[in-house]
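Okay, structure first, notes after.
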Amino acid sequence: MRDFALLIDVWYRQNKRNLPWRDTQNAYHIWLSEVILQQTRVDQGKNYYLKFIKNFPTIKDLALAPEDEVLKLWQGLGYYSRARNLHTAAKQILSNHDGHFPSNYSDIRQLKGVGDYTAAAIASFAFDLPHAVVDGNVFRVLSRYYNEDTPIDTTLGKKLFTEYANNLINKKDPASFNQAIMELGALVCTPKKAVCNTCPLNDSCQGLRANRVYELPVKSKKTKTRNRFFHYIYSEQNILLQKRTQKDIWENMYEFPLVEVEKQLTPSATKNVIEKTLGLIIEPSPIAEYKHILSHQHIFATFWKLKLNKPMDTSNYIQCNHSDLAEYAIPRLIDRFLEQVNSSSF
DNA sequence: TTCCTGCGCG
DNA sequence: CGCGCAGGAA
């Protein structure tokens, strides 16, 4: 339909939300907001965006900051590789582009952490270039609009939907088109409870006509998860920390001394394993247990308290008190435990 | 409690 | 193509 762009444009002007990164052409700000919003909802991302702008007013400020500081600001958002990549990209911009954000698609696309979606978003929002964004919202809107069954998580699907979007895009105002189609997906053409009766496209939507709205979009793969069992040692006086340097979850973030085991054992057997592995003596029963869910893992975490009645070798660890602890980037799991510790009596 | 959403990298 | 995080909805 030729009306597509016009219809959503009219709708967008009347229904757009006011967001801090809208109505700016500052490429740095747009980039930052897009990276934050990559796997995060607007409500959760807003404050992080404002924090980052405040702490790092320019790309150079971000590039020259220590990684620990960037991760600390990102703490709680998840997918921490985004923060590490953001930092790397800032350095790329500083050294390769003299601190000025690149203004063409291919240079933007080369930045670490910037894929097809984010490159198109920045190119259109900051530089008015005609690159259609294809994110989760766009997949949903277009799969329904065209009643298109091709799975979106395949190379073919990605190519097809990108073609659809680039054919529909308004070349006169690509930025508004991109904003409009995503906003429609976020507010009207939602995964559940879509409000088709107020949708500007409901006359021509093939998915609605076929009553297949909730069957779309189609995905081919289902995600598999594995279980992991973490045992953390907490010492309330003199907190022990270590940095996760492995290629694993939470890379470069901090946590308590950890023993990971293959499967759940009895408490006393577990205690033996922990003490043997770490050379630390702990209290006989755990003080807290959590199930922490990640995209591909279920982590069963148990927290044990360090027994402080005899000296032991803690030189492998960073030692700090509660106020120092606030300087370290820690995963949500550890943070959640600390919230409980600080609010109750241990 | 369980289910679901979200983009880029190696 | 498997993996990375957290939180809101059902």
Side-chain angles (χ1 to χ4, degrees), chain A residues 30-48 71 73-89 92 108-122 131-141 143-144 151-158 161-162 165 178 182-183 185-187 189-195 214-228 230 244 246-255 289-301 329-337 339:
Chain A
I30 289 166
W31 166 51
L32 181 60
S33 71
E34 289 303 336
V35 173
I36 288 175
L37 263 42
Q38 271 171 11
Q39 290 99 328
T40 304
R41 285 170 184 74
V42 165
D43 287 339
Q44 198 198 355
K46 219 185 253 179
N47 291 331
Y48 285 87
L71 280 172
L73 269 191
W74 199 271
Q75 179 180 308
L77 259 188
Y79 290 104
Y80 298 96
S81 62
R82 290 182 293 165
R84 298 191 299 269
N85 291 339
L86 187 82
H87 191 217
T88 303
Q92 284 180 271
I108 296 170
R109 180 63 178 76
Q110 305 215 8
L111 297 172
K112 198 84 188 273
V114 174
D116 292 339
Y117 163 75
T118 307
I122 299 170
H131 295 271
V133 294
V134 183
D135 74 340
N137 292 305
V138 176
F139 279 125
R140 200 165 51 248
V141 170
S143 65
R144 290 172 177 176
I152 61 172
D153 55 348
T154 58
T155 355
L156 178 64
K158 186 142 207 279
F161 284 96
T162 303
N178 281 340
M182 290 194 289
E183 192 78 336
L187 300 181
C189 195
T190 48
K192 293 157 249 180
K193 292 190 186 181
V195 273
Y214 297 111
E215 297 169 39
L216 299 165
V218 173
K219 284 183 192 168
S220 66
K221 315 175 189 46
K222 44 237 162 222
T223 60
K224 288 178 196 145
T225 61
R226 67 177 166 132
N227 294 334
R228 297 176 75 177
F230 284 11
R244 292 183 66 89
Q246 320 88 320
K247 239 175 121 75
D248 194 2
I249 56 171
W250 303 326
E251 189 181 337
N252 293 355
M253 298 180 75
Y254 295 82
E255 65 186 357
E289 288 182 288
Y290 299 95
K291 182 176 179 183
H292 194 75
I293 314 256
L294 283 58
S295 60
H296 295 78
Q297 320 186 10
H298 290 5
I299 294 175
F300 297 83
I330 56 176
R332 190 69 186 95
L333 169 63
I334 304 284
D335 200 29
R336 199 152 50 112
F337 167 77
E339 282 172 7

Who passes salt bridge (Lys or Arg N to Asp or Glu O under 4.0 Å) against A/Lys158, sequence neighbours left out?
A/Asp116

Measure from the side-chain N and O atoms of A/Asn178 to the backbone N and O of A/Val133, and report whether any donor-acceptor pair falls under 3.5 Å.
yes

Is a side-chain donor or acceptor of A/Arg140 paired with a backbone partner of A/Gly185 at a separation under 3.5 angstrom?
yes

Report the residue (A/Arg41 or A/Gly113) whose heavy-atom-nearest nucleotide on DNA chain B is the more 5′ of the two.
A/Arg41

In terms of the nearest nucleotide of DNA chain B, which residue is placed more toward the 5' end: A/Lys247 or A/Lys192?
A/Lys192

Do any side-chain nitrogens or oxygens of [X] fall under 4.0 Å of OP1 or OP2 in [N]?
X: A/His292; N: C/dA6; value: yes
X: A/Lys158; N: B/dG8; value: no
X: A/Trp250; N: C/dA6; value: yes

Looking for any heavy atom pair under 4.0 Å, which part of the strands does [X] touch: base, sugar-phosphate only, or nothing?
X: A/Arg140; value: sugar-phosphate
X: A/Asn85; value: sugar-phosphate
X: A/Arg82; value: nothing
X: A/Ile293; value: base
X: A/Asp116; value: sugar-phosphate
X: A/Val35; value: nothing
X: A/Tyr117; value: sugar-phosphate
X: A/Ile249; value: sugar-phosphate

Please give, in whole Å, the distance from [N] [atom2] to [X] [atom1]?
X: A/Lys46; N: C/dG8; atom1: NZ; atom2: C1'; value: 16 Å
X: A/Arg336; N: C/dG7; atom1: CZ; atom2: C1'; value: 11 Å
X: A/Arg109; N: B/dC7; atom1: CZ; atom2: P; value: 14 Å
X: A/Gln75; N: C/dA6; atom1: CD; atom2: C1'; value: 13 Å
X: A/Gln38; N: C/dG7; atom1: CD; atom2: P; value: 18 Å
X: A/Ile152; N: B/dT5; atom1: CD1; atom2: C1'; value: 10 Å
X: A/Leu294; N: B/dT5; atom1: CG; atom2: C1'; value: 15 Å
X: A/Arg332; N: C/dG7; atom1: CZ; atom2: C1'; value: 9 Å

Under 3.5 Å, sequence neighbours excluded: what are the donor-acceptor pairs made by side chains of residues 76-88 of chain A?
{"from": "A/Tyr80", "atom 1": "OH", "to": "A/Gly76", "atom 2": "N", "distance (Å)": "3.1"}
{"from": "A/Arg82", "atom 1": "NE", "to": "A/Tyr79", "atom 2": "O", "distance (Å)": "3.3"}
{"from": "A/Arg82", "atom 1": "NH1", "to": "A/Val35", "atom 2": "O", "distance (Å)": "3.3"}
{"from": "A/Arg82", "atom 1": "NH1", "to": "A/Ile36", "atom 2": "O", "distance (Å)": "2.8"}
{"from": "A/Arg82", "atom 1": "NH1", "to": "A/Thr40", "atom 2": "OG1", "distance (Å)": "3.0"}
{"from": "A/Arg82", "atom 1": "NH2", "to": "A/Thr40", "atom 2": "OG1", "distance (Å)": "3.2"}
{"from": "A/Arg82", "atom 1": "NH2", "to": "A/Leu77", "atom 2": "O", "distance (Å)": "3.3"}
{"from": "A/Arg82", "atom 1": "NH2", "to": "A/Gly78", "atom 2": "O", "distance (Å)": "3.0"}
{"from": "A/Arg84", "atom 1": "NH1", "to": "A/Glu251", "atom 2": "O", "distance (Å)": "2.9"}
{"from": "A/Asn85", "atom 1": "ND2", "to": "A/Ser81", "atom 2": "O", "distance (Å)": "3.2"}
{"from": "A/His87", "atom 1": "NE2", "to": "A/Leu62", "atom 2": "O", "distance (Å)": "3.4"}
{"from": "A/His87", "atom 1": "NE2", "to": "A/Ala65", "atom 2": "O", "distance (Å)": "2.7"}
{"from": "A/Thr88", "atom 1": "OG1", "to": "A/Arg84", "atom 2": "O", "distance (Å)": "2.9"}

So which one's nearest nucleotide on DNA chain C is more toward 5', A/Gln297 or A/Lys193?
A/Gln297

Show your reasoning for whether side chain to side chain contact (heavy atoms under 4.5 Å, CB included) applies to A/Tyr254 and A/Leu71.
CA-CA 10 Å; A/Tyr254 295 82; A/Leu71 280 172; over 6 Å; no

Under a 3.5 Å cutoff, is there a donor and acceptor pairing between the side chains of A/Gln38 and A/Tyr117?
no

Check if the side chain of A/His296 and the base of C/dG2 share a donor-acceptor pair of N or O atoms closer than 3.5 Å.
no

Polar pair under 3.5 Å, donor/acceptor by atom type, side chain A/Gln39, base B/dC7:
yes

